[in-house]
Amino acid sequence: MDNLMKKMQEAAMYITSRIGQIPVDIGMVLGSGLGDLADNLANSITISYKDIPHFPVSTVFGHKGRLVAGDLEGKRVLCMQGRFHYYEGYGMDQVVFPIQVMQALGIKHLLVTNAAGGVNTSFSVGDLMLITDHIKLIADSPLRGPNPDQLGERFFDMTETYDKGLIDMAKAQARELGIAVRQGVYMFFSGPAYETPAEIRAARVLGADAVGMSTVPEALVASHMSMRTLGISCITNMAAGVLNQRLSHQEVMETGERVKEDFTRLVHAIVRHWPL
Ligand code: HPA
């Protein structure tokens with residue numbers, strides 16, 4: 001694990017050499033559709049993942065693969081424009097490495113967004129959902145192996161992985177803007193296949209409101225490092241078997257595009273009101 005700490009520090013040192021010493025308030029992981037938000041930061045500095053020591057490189061179409069630091073609504077933010085997914089073939093440890101690097105940069109607050117399939121039948125395509133909790137039945141964990149004690153405890157609490165105060169603040173901001181938001185449990189599937197209808201029925205019985213292929217590894221290590229995390233899903237499609245139709249990546253991208261404006265407005269308000 002000394003190796004992990006060393007890698008984190010080398011990556012963090014490189015990032016600091018590029019963005020300067022101004023402390024970053026909030027780390028942000030922007031999922032499909034929201035990546036553009038990072039293009040509109042003031043005083044921004046962009047770093048390609050490929051230039052950062054030990055960073056994996058993003059392979060998904062539509063994901064840009066770079067870090068953007070800048071000012072947003074009075075806060076200094078560091079955005080991941082494009083994230084690493086387990087289904088791309090990265091190890092869980094690689095998927096979460098950027099979050100650990102954020103910690104090495106002194107970042108204590110994290111906003112994670114994603115596209116997700118709606119499992120709760122009262123949801124509609126285009127809904128935004130504040131993540132209240134998650135379910136991960138995939139055995140692999142980013143923290144399997146020796147524990148990096150400097151980051152957090154071996155056996156750590158996940159009772160409030162998604163910060164209740166941040167959820168309440170986000171709800172209040174959504175209300176203020178007239179944007180309807182749902183709340184619910186996000187269940188992690190490893191992909192890249194979408195789930196089967198039977199898997200979605202099982203997920204519903206287990207208490208899932210939405211399913212997706214990201215966010216949970218990142219939120220898990222953020223919890224390990226006691227970062228305060230807010231997660232938001234965009235319900236880009238109803239999950240398999242909910243509607244009498246097949247799932248398509250195109251629908252996911254199109255809904256993301258359609259909802260982008262409201263999602264972006266909400267994220268701006270959330271960042272403005274984020275308590276540090
Ligand atoms: N399942 C898993 N991941 C997803 C989905 C889905 O239905 N939609 C967007 N990401």
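Residue numbers run from 1 in the order of the sequence given. Just so you know, these numbers come straight off a predicted model, no measurement behind them.
Shown here are the side-chain hydrogen bond (donor to acceptor under 3.5 Å, both in side chains) partners of Q245, two or more places apart in sequence or in another chain: there are none. In terms of the side-chain hydrogen bond (donor to acceptor under 3.5 Å, both in side chains) criterion, residue partners of D127 (sequence neighbours excluded) are, by chain and number, R182. A search for ring-ring contact (aromatic ring centres under 6.0 Å, His included) contacts involving F97 returns F55, not counting sequence neighbours. For Q183, the side-chain hydrogen bond (donor to acceptor under 3.5 Å, both in side chains) partners at least two apart in sequence or on another chain are K171.
Heavy atoms only, all atoms of each residue included: P98 and F84 are closest at CG-CE1, 3.7 Å. Across Y86 and S190, no two heavy atoms sit closer than the pair CD2-CB, 3.6 Å. Scanning all heavy atoms of the two residues, the minimum distance from A69 to L41 falls at C-CD1, 4.1 Å. Contact detail for L230 and W274: the closest heavy-atom pair is CB-CH2, 3.9 Å. Between I235 and A210, the shortest heavy-atom distance links the atoms CD1-CB, 3.9 Å.
We find the CD-CZ distance between E251 and R258 to be 9.0 Å, quoted to the nearest 0.5 Å. Atom CD1 of residue I179 and atom CG of residue L266 lie 5.0 Å apart, to the nearest 0.5 angstrom. Distance CE/M8 to CE/M13: 13.5 Å, rounded to 0.5 Å. We find the NE2-NE2 distance between H268 and H273 to be 13.5 Å, quoted to the nearest 0.5 Å.
Residues in residues 118-139 take part in these ring-ring contact (aromatic ring centres under 6.0 Å, His included) pairs, two or more places apart or across chains: H134-Y162.
Put simply, the side chain of V242 reaches to within 4.5 Å of the side chain of R204, judged on heavy atoms. Using a 4.5 Å heavy-atom threshold, the side chains of I232 and F263 count as touching. Taking the side chain as every heavy atom from C-beta outward, S214 and Y87 never approach each other to under 4.5 Å. Counting heavy atoms from C-beta outward, M225 and I99 have side chains that approach closer than 4.5 Å. Between P23 and R76 the shortest side-chain heavy-atom distance does not fall below 4.5 Å. Residues T161 and T229 form no side-chain contact, since every pair of their non-hydrogen atoms from C-beta on lies 4.5 Å or further apart. In this structure, Q81 and D39 have side chains that are in contact, with non-hydrogen atoms separated by less than 4.5 Å. By the 4.5 Å heavy-atom criterion applied to side chains, V96 and M92 are not counted as neighbours.
Between the side chain of S141 and the backbone N or O of L143, at least one donor-acceptor pair lies under 3.5 Å. Listed for the T132 side chain is a donor-acceptor partner under 3.5 Å among the backbone atoms of G184. Here the side chain of H109 pairs no donor or acceptor atom with the backbone of L276 at under 3.5 angstrom. Checking side-chain atoms of T196 against main-chain N and O of E199 turns up a donor-acceptor pair under 3.5 Å. In terms of modelled atom types and a separation under 3.5 Å, the side chain of Q103 and the main chain of I107 share no donor-acceptor contact. For the pair R18 (side chain) and T46 (backbone), a donor-acceptor distance under 3.5 Å is present. Judged purely by atom type and a 3.5 angstrom limit, Q9 has no side-chain atom pairing as donor or acceptor with the backbone of K6.
Salt-bridge check for E257 with K260: passed, with a basic side-chain N closer than 4.0 Å to an acidic carboxylate O. Between D163 and R228 there is a salt bridge, since at least one side-chain N of the basic residue sits less than 4.0 Å from a carboxylate O of the acidic one. Look at D25 and R272 and you find no salt bridge, because none of the NZ, NE, NH1 or NH2 atoms lies under 4.0 Å from a carboxylate O.
With a 6.0 Å radius and a threshold of 12 heavy atoms from other residues, nucleotides or ligands, R154 has its CZ atom above the threshold. Heavy-atom contacts from other residues, nucleotides or ligands closer than 6.0 Å to NZ of K136 number more than 12.
Hydrophobic clustering (side-chain heavy atoms under 4.5 Å, transitive across Ile, Leu, Val, Met, Phe, Trp, Tyr) keeps I22 apart from M28. In terms of hydrophobic clustering, with Ile, Leu, Val, Met, Phe, Trp and Tyr side chains grouped at heavy-atom distances under 4.5 Å, L206 and F189 are assigned to a common cluster. Under the 4.5 Å side-chain heavy-atom criterion for grouping Ile, Leu, Val, Met, Phe, Trp and Tyr, I200 is connected to L243 within one hydrophobic cluster.
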Derivation and outcome, side-chain contact (heavy atoms from CB on, under 4.5 Å), residues T236 and M253: CA-CA 8 Å; T236 52; M253 300 308 277; over 6 Å; no
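In summary, of the residues considered (I135, L220, V216), a side-chain contact (heavy atoms from CB on, under 4.5 Å) with F188 occurs for V216 alone.
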Using atom types as modelled, flag every donor-acceptor pair under 3.5 Å from a side chain in residues 110-118 to any protein atom, sequence neighbours excluded.
from : atom 1 : to   : atom 2 : distance (Å)
T113 : OG1    : V29  : O      : 3.4
T113 : OG1    : G31  : N      : 2.9
N114 : OD1    : S233 : OG     : 2.8
N114 : ND2    : T215 : OG1    : 2.7

